[in-house]
Protein chains: 2
Amino acid sequence: MASEPFTFGPYKIDPAEVFYTTSLSFAMVNLRPVIPGHVLICPRREVKRFVDLSADETLDIWLAAKKVGGQLEHYHNASSLTFTIQDGPQAGQTVPHVHIHILPRKAGDFKENDEVYDAIDEKEKELKQKLDLDKERKDRSFEEMAREAEEYRKLFL
Amino acid sequence: MASEPFTFGPYKIDPAEVFYTTSLSFAMVNLRPVIPGHVLICPRREVKRFVDLSADETLDIWLAAKKVGGQLEHYHNASSLTFTIQDGPQAGQTVPHVHIHILPRKAGDFKENDEVYDAIDEKEKELKQKLDLDKERKDRSFEEMAREAEEYRKLFL
């Protein structure tokens, strides 16, 4: 299990929620997943905008996203992936730290495909609110998230 | 101006619509843009899924996306960017050739941020239909697209 401190903007992320790491990036399970396997990948360095990533960080985070996407698509018996970066507040970014949303997609998971994005956007707003009031964990318990991360971690051994 | 043949899935792309190229990727203006500056970046090699890109192609396309995004955000006086890959048919991909959607975003460009995705998804469906019936170019003329590409090309001299 990753043991170092991970931060997501101003928030500290418990290493138990992190399931894949590289030298410059980490992948974590999501407090507010839209569908099973909806995870986030961040650069370790706190960088607000995508354009601010170095070339090394850009390669590292997208190789990580490719690997994580491929494994989670398979794990969840999905057949496609949605990759999205809401890069800046006017694009729906709520936590000022670059993060790639990855979602394994299946036929019929949403009535219309575009509904997945409404959900990503809504959940990103809720994520920020939830991280702000971290006490109030009605939706997903830490234990549930740690179990999910534990399962995913096995995919990258 | 780029002079080599560019293809997007089964479709031939006129070089006049291409405004930025690298050794492994090219950026083109969009037949069905959702908002001004909505462009597509593709690997030159026809690859259906993101996971099929080589490490070199992955780095190349995302460095290109970073550069194009940064320049078009500035050019359009925007303040954020949306980056999205609909990777596979169940994620809304209509043309089986990896492509990154890049959209410069501004405050108030959509009533709710998530509406931008409904539009991307809808326009991607229309793009495919339009490429299929290429004669019928009611919406954007080739000349209009070539002019837009010409403007953008100047940003990368």
Side-chain angles (χ1 to χ4, degrees), chain A residues 48-74 78-94 98 100-110 112-125, chain B residues 48-74 78-94 98 100-110 112-125:
Chain A
K48 184 172 177 186
R49 296 292 311 273
F50 185 60
V51 74
D52 300 324
L53 292 177
S54 70
D56 284 350
E57 286 170 326
T58 303
L59 176 60
D60 188 273
I61 198 169
W62 281 106
L63 288 184
K66 203 150 69 95
K67 186 159 187 175
V68 165
Q71 290 284 19
L72 293 189
E73 178 176 327
H74 183 74
S79 48
S80 297
L81 293 166
T82 296
F83 294 95
T84 295
I85 308 179
Q86 307 205 123
D87 186 43
Q90 280 70 48
Q93 184 186 42
T94 61
V98 170
I100 304 171
H101 292 263
I102 302 182
L103 297 90
R105 303 294 310 277
K106 296 177 186 187
D109 55 3
F110 286 87
E112 295 288 340
N113 175 56
D114 54 17
E115 292 170 11
V116 73
Y117 296 116
D118 305 4
I120 291 172
D121 200 63
E122 192 50 45
K123 294 289 179 184
E124 173 139 0
K125 283 183 211 145
Chain B
K48 185 173 177 184
R49 297 292 311 273
F50 186 61
V51 74
D52 300 324
L53 292 178
S54 70
D56 283 348
E57 287 170 326
T58 303
L59 175 61
D60 189 89
I61 197 170
W62 281 106
L63 288 185
K66 204 152 66 95
K67 187 158 183 175
V68 166
Q71 290 284 18
L72 292 189
E73 177 177 326
H74 182 72
S79 48
S80 296
L81 293 165
T82 297
F83 294 95
T84 294
I85 306 179
Q86 306 204 127
D87 186 43
Q90 281 70 50
Q93 185 186 41
T94 61
V98 170
I100 305 172
H101 292 262
I102 303 182
L103 297 90
R105 303 294 310 279
K106 297 178 185 186
D109 55 3
F110 286 87
E112 294 287 340
N113 175 56
D114 54 17
E115 292 170 11
V116 73
Y117 296 117
D118 305 3
I120 290 172
D121 200 61
E122 193 48 45
K123 294 289 177 183
E124 173 139 358
K125 281 182 212 147

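With values rounded to the nearest 0.5 angstrom, A/Leu59 atom CG is found 8.5 Å from B/Asp56 atom CG. In this structure, the separation between OG1 on B/Thr84 and NE2 on A/His101 is 9.5 Å, given to the nearest 0.5 Å. Here the CG-CD distance, from A/Asp121 to B/Glu112, works out to 8.0 Å after rounding to the nearest 0.5 Å. Remark: A/Arg49 CZ to B/Leu81 CG distance equals 5.0 Å, nearest 0.5 Å.
Contacts of B/Lys48 with chain A are absent, with no heavy-atom separation under 4.5 Å from either backbone or side chain. For B/Val51, the parts sitting under 4.5 Å from any heavy atom of chain A are the backbone and the side chain alike. Neither the backbone nor the side chain of A/Glu122 comes within contact range of chain B; no heavy atoms are under 4.5 Å apart.
The choice from B/Asp60, B/Ile61, B/Leu63 that makes the most heavy-atom pairs within less than 4.5 Å of chain A is B/Leu63. Note on B/Ala119, B/Gly70, B/Ala107: by heavy-atom pairs under 4.5 Å with chain A, the leading option is B/Ala107. Top candidate by heavy-atom pairs under 4.5 Å with chain B, chosen from A/Thr82, A/Leu53, A/Leu103, A/Thr58, is A/Thr58. The greatest number of non-hydrogen atom pairs below 4.5 Å with chain A, out of B/Gln93, B/Lys67, B/Lys106, is found for B/Lys106. In terms of heavy-atom pairs under 4.5 angstrom with chain A, the leader among B/Ala55, B/Gly88, B/Ala65, B/Ser80 is B/Ser80.
We find that A/Lys66 and B/Glu57 are not joined by a salt bridge, their nearest charged nitrogen and carboxylate oxygen being 4.0 Å or further apart.
Ring orientation note: the planes of A/Trp62 and B/Trp62 are close to parallel, at an angle under 30° on the 30°/60° scale.
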